[in-house]
Asks: 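Dropping the structure in here first, questions after.
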Amino acid sequence: MGVVSVREFVRRLRREATARSGAAALFLFGLAALLLSGLAFSTGAAALISSALLFLGLAACTLGLLLPPPEPVQPQPAETQLAEPAAPESQSAPESQTMEELADRVWEMQEAEQRFYGLLEALGDLVIHRDREGRILYANRILGELMECDARELFGKSLTQLGINVGVTPESASADGEHLTSTDVSIQTVGGLRWFSWTEISLRDRESGSVSHWAIARDITARKRAETALVNARERAEQASFAKSRFLATVSHEIRTPMNGIMGMAKLLADTKLSAEQRTYVGAISTSASALLALIEDLLDYSKIEAGRLELEPQRMSVRELVESVVELMAARAFGKKIGLGCHIAPQVPDTIVADPGRLRQVLLNLLGNAIKFTEEGGVLVTVAAVTHEGKPALAFKVDDTGPGIEKDDLARIFQEFEQADTSSTRPHGGAGLGLAITRRLVDAMGGAIAVESAPGEGAAFTFHVPLVDPEGASSEAVLALKGWDVAILTPHAVEGEALAMSVRAHGGKARVFDGEKSALALLRRRKAGFDAVIIDASLENETGDLLGRLRRKGLHAGQALTLIAPTDRSRLTKLRANGYSAFIARPVRDRTLLRLLLNAQAAESTAANEEAEGRAAPGDRGGLKVLVAEDNEINAMLARAALSKAGHKVTIVSNGRAAVDALAHPARDYDMVLMDLHMPVMDGLDAIVNIRLYEEETGLPPVPILVLSADGQEKTRQRALAHGATGFVTKPLDPDRLLSALEVHAAA
């Protein structure tokens with residue numbers, strides 16, 4: 001009996017130990033499942049896997065906590081034990097079977113626990129279990145290897161003691177049972193600084209209320225190093241881009257400065273007494289210099305675009321003024337080739353829009369320059385209209401020419417870098433093939449699109465659209481201001497004649513274009529009614545200027561007679577007026593000027609008289625200006641002095657901004673105009689302008705007009721100069737005629 005009782009006592013002890021071991025194993029298994037659930041959630045695993053692990057972990061923890069403790073083993077008196085009858089075999093058999101089943105379950109749970117911790121050890125990531133105070137309850141071997149110690153030696157220590165800056169999540173964050181956090185943590189090791197992506201889940205025991213923290217951290221040192229390398233590379237690229245932009249600006253200025261001297265001196269030399277051979281050589285110098293400058297500008301623009309320095313500067317601008325000024329700027333080149341150049345802007349085009357005037361001007365100059373370069377006969381027509389493009393309001397700019405045209409296979413290729421329509425070695429025109437590529441890039445940057453229509457022998461038509469942003473002030477003229485008018489236009493330049501006719505028709509009138517006297521007379525023989533106005537190109541008039549008289553004698557009846565003149569025809573104004581012309585219109589014709597002259601004959605006569613007087617008067621007769629030129633480059637200073645002195649102005653040269661301030665910042669100053677270079681030693685042009693304007697404000701002196709001279713033609717440079725107090729802006733290379741025109745305009749203002 002004693003032996004049986006001892007055996008029973010041992011069985012009960014084993015059962016109690018087994019029960020306690022099973023509950024602990026269940027609880028640990030639950031915690032592991034919860035940790036794996038948090039890890040799966042933070043790493044973006046499937047939601048089903050995360051949910052299943054969470055449920056399994058909660059169930060295991062709950063079961064481990066709720067498992068009833070075994071009944072304590074109560075020692076019995078010896079006599080009771082001796083008196084206790086032996087249990088029959090039928091009762092001990094089920095009990096033995098139950099014990100074996102429980103023992104099997106315990107061993108299975110122990111094996112699962114061993115596999116779980118083996119998994120944590122083999123995971124390759126840091127795994128740390130901390131209590132509510134932040135003391136380590138478990139750490140796998142990875143942390144031990146980082147700290148160069150046995151992981152068991154870390155038990156009871158805090159992460160702060162190990163040099164790991166990870167605090168303990170407040171218990172309030174785990175009020176709902178669990179709380180997940182994630183951050184990047186740096187750990188200083190013997191091998192250097194290492195970075196870990198630290199994910200931690202804080203769990204609260206529902207019965208005891210105690211909180212513990214399970215964390216898993218993955219080594220992301222390589223990623224951090226790559227990110228740092230990318231940041232450093234981006235900073236180096238930005239610095240290189242800034243340096244490249246500064247280099248381009250410097251190179252642009254340094255190239256334009258000597259080119260300004262070459263082109264300006266060639267212009268002055270051409271105005272002197274030269275033999276025919278010498279004049280040919282000077283013309284070759286001017287042509288070569290212009291071609292070289294155009295190539296340099298294309299290369300600089302392309303380099304700027306490739307460097308990512310293409311920046312738009314939207315501002316309110318006048319579309320009409322910009323387009324007409326560009327056409328007038330290119331007129332001399334077209335007239336030099338004896339081709340026509342016309343411009344028509346529809347009355348519906350708004351007066352102002354928001355766009356980048358510098359980039360828009362550059363696109364027009366590229367397209368118009370190309371059209372003039374490739375056109376040998378006929379002419380070039382520029383039109384602007386308000387349209388709807390791809391469902392949105394836009395402005396359509398179109399440049400038509402009567403050049404040789406483009407093959408169908410070349411239409412798309414010509415917008416690519418370094419491509420030309422004619423790539424043969426015998427092509428008549430040079431160039432690097434960058435103009436249209438740059439134009440396409442600029443149009444794309446403005447949110448527009450460009451296209452071309454052409455066929456061999458039929459010329460080319462380039463059209464680009466830009467968004468119509470914030471238009472204001474639609475044309476104030478009535479669309480039908482010329483309703484009932486019938487206008488005859490005689491000109492050998494069909495393109496210019498068509499531009500004039502379009503302007504008349506756009507305002508409700510009728511217009512007929514004749515290429516000369518014969519075609520006009522053919523109509524007069526069949527026509528009984530007269531014309532309200534006749535416009536005759538001065539190039540059709542001979543030395544006696546009697547074309548208008550002959551037409552009138554043969555039946556031409558016109559209320560007004562206007563003549564089209566080129567800049568070279570100004571000397572003929574007196575004779576033309578004496579032969580019956582009431583006014584003249586300068587080529588290329590501005591639409592509003594034509595409308596004003598047709599509608600107001602008195603204003604036309606007044607304008608003609610004033611312009612005629614200007615044409616008769618020599619520059620010196622109008623009274624010379626006293627001009628101060630601040631320019632450090634001797635050749636540019638010589639060019640400015642020669643151009644101004646020849647026009648009858650008195651010139652004083654200073655070589656830096658400080659000298660300009662000294663000459664202007666006192667009450668006895670006696671200058672009517674200042675030409676100020678931007679880049680000068682001692683003090684640059686902008687600082688000099690600021691000092692001059694400040695002195696004028698303090699003393700109450702009227703502001704002296706200051707024209708900035710700069711090789712940097714960017715719109716932001718122009719706007720910055722004007723913001724500092726400049727009156728106007730003239731770009732280099734310096735053209736004497738353009739300089740004198742700007743001088744007269746600002747002096748009159």
Asks: Determine, for R505 against E498, whether the closest basic-nitrogen to carboxylate-oxygen distance falls under 4.0 angstrom.
Replies: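 Salt bridge flag = yes for E498 with R505.
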
Asks: State plainly whether the residues E321 and R590 are in salt-bridge range, i.e. N to O under 4.0 Å.
Replies: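 R590 and E321: salt-bridged.
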
Asks: Would you please name every residue forming a side-chain contact (heavy atoms from CB on, under 4.5 Å) with R333, sequence neighbours left out?
Replies: M330, I372

Asks: Are L395 and H465 side-chain neighbours, meaning at least one heavy-atom pair lies under 4.5 Å?
Replies: no

Asks: Roughly how far, to the nearest 0.5 Å, is the CZ atom of F397 from the CG atom of L367?
Replies: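 Answer for the CG-CZ pair, L367 versus F397, is 11.0 Å.
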
Asks: Would you call L594 and V589 a side-chain contact if the rule is heavy atoms closer than 4.5 Å?
Replies: yes

Asks: With V627 as reference, evaluate V674, L675, D672 under the side chain to side chain contact (heavy atoms under 4.5 Å, CB included) test and give the passing residue.
Replies: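 Going through the options one by one, the only one that passes is L675.
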
Asks: Salt-bridged, D470 to R316, with N to O below 4.0 Å?
Replies: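 Here D470 pairs with R316 in a salt bridge, since their nearest N and O are under 4.0 Å apart.
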
Asks: Hey, what do you get for CG (L551) to CG (L490), rounding to the nearest 0.5 Å?
Replies: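 It comes to 6.5 Å.
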
Asks: Partners of K626 by salt bridge (charged side-chain N to carboxylate O under 4.0 Å, His left out), sequence neighbours excluded?
Replies: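 Applying salt bridge (charged side-chain N to carboxylate O under 4.0 Å, His left out) to K626 gives D670.
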
Asks: Report the distance from atom CD of E541 to atom CG of L547, rounding to the nearest 0.5 Å.
Replies: 4.5 Å

Asks: For T593, what residues pass the side-chain hydrogen bond (donor to acceptor under 3.5 Å, both in side chains) criterion, not counting sequence neighbours?
Replies: none

Asks: Once side-chain contact (heavy atoms from CB on, under 4.5 Å) is applied, do any residues pair with T388, and if so which ones, sequence neighbours excluded?
Replies: none

Asks: With a 4.5 Å limit on heavy-atom distance, are the side chains of D400 and V380 in contact?
Replies: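 Answer no - side chains too far apart.
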
Asks: Run M676 and L707 through side-chain contact (heavy atoms from CB on, under 4.5 Å) and show every step you take.
Replies: CA-CA 6 Å; M676 184 78 69; L707 298 183; over 6 Å; no

Asks: Can you list, pair by pair, the side-chain donor-acceptor contacts under 3.5 Å of residues 530-538, counting residues two or more places apart and other chains?
Replies:
residue, atom, partner, partner atom, Å
D532, OD2, D486, N, 2.7
D537, OD1, S539, N, 2.9
D537, OD1, S539, OG, 3.0
D537, OD2, T491, OG1, 3.0

Asks: Decide yes or no for P350 and E472: does some side-chain heavy atom of the first lie under 4.5 Å from some side-chain heavy atom of the second?
Replies: no

Asks: So, taking the atom named NE2 in H493 and the one named CG in D515, what distance separates them when rounded to the nearest 0.5 Å?
Replies: 11.5 Å

Asks: Ignoring hydrogens and geometry, is there a side-chain-to-backbone donor-acceptor pair from K510 to K483 under 3.5 Å?
Replies: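 A pair under 3.5 Å: no.
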
Asks: Got a donor-acceptor contact below 3.5 angstrom from the K398 side chain to the A461 backbone?
Replies: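 Looks like no, no N/O pair under 3.5 Å.
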
Asks: As a quick check of understanding, evaluate side-chain contact (heavy atoms from CB on, under 4.5 Å) for R596 and R592, giving each step before the final call.
Replies: CA-CA 6 Å; R596 175 173 56 84; R592 291 184 176 179; over 6 Å; no

Asks: For a 4.5 angstrom cut-off between non-hydrogen side-chain atoms, does L500 reach L564?
Replies: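 Contact flag for L500/L564 side chains = yes.
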
Asks: Hey, are the side chains of I353 and L468 touching, using non-hydrogen atoms and a 4.5 Å cut-off?
Replies: yes

Asks: Under a 4.5 Å cut-off applied to non-hydrogen side-chain atoms, are L573 and F584 in contact?
Replies: yes

Asks: Quick check for you: to the nearest 0.5 Å, what is the distance between L595 atom CG and S503 atom OG?
Replies: 8.5 Å

Asks: Could you check M317 against L322 for side-chain contact (heavy atoms from CB on, under 4.5 Å), going step by step and ending with a plain yes or no?
Replies: CA-CA 8 Å; M317 52 158 285; L322 183 141; 3.7 Å; yes

Asks: Is the closest side-chain heavy-atom distance between K392 and P467 below 4.5 Å?
Replies: no

Asks: Could you walk me through whether T383 and H344 pass the side chain to side chain donor-acceptor pair (under 3.5 Å) check?
Replies: CA-CA 5 Å; T383 57; H344 172 67; over 6 Å; no

Asks: Which is it for L740 and L644 under the side-chain contact (heavy atoms from CB on, under 4.5 Å) test, yes or no, and what are the steps along the way?
Replies: CA-CA 7 Å; L740 293 175; L644 296 174; 3.9 Å; yes

Asks: Taking it one step at a time, do Q560 and Y581 satisfy side chain to side chain donor-acceptor pair (under 3.5 Å)?
Replies: CA-CA 8 Å; Q560 298 182 47; Y581 290 101; over 6 Å; no

Asks: Rounded to the nearest 0.5 Å, how far does CD1 of I285 lie from CG of L269?
Replies: 7.0 Å

Asks: Checking H649 side chain against S645 main chain: does a donor-acceptor pair fall under 3.5 Å?
Replies: no

Asks: What residues, two or more places apart in sequence or in another chain, satisfy salt bridge (charged side-chain N to carboxylate O under 4.0 Å, His left out) together with E517?
Replies: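 If we apply the salt bridge (charged side-chain N to carboxylate O under 4.0 Å, His left out) test to E517, skipping adjacent residues, the hits are R550.
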
Asks: Main chain of T352, side chain of S318: is a donor-acceptor contact present, judged purely on distance under 3.5 Å?
Replies: no

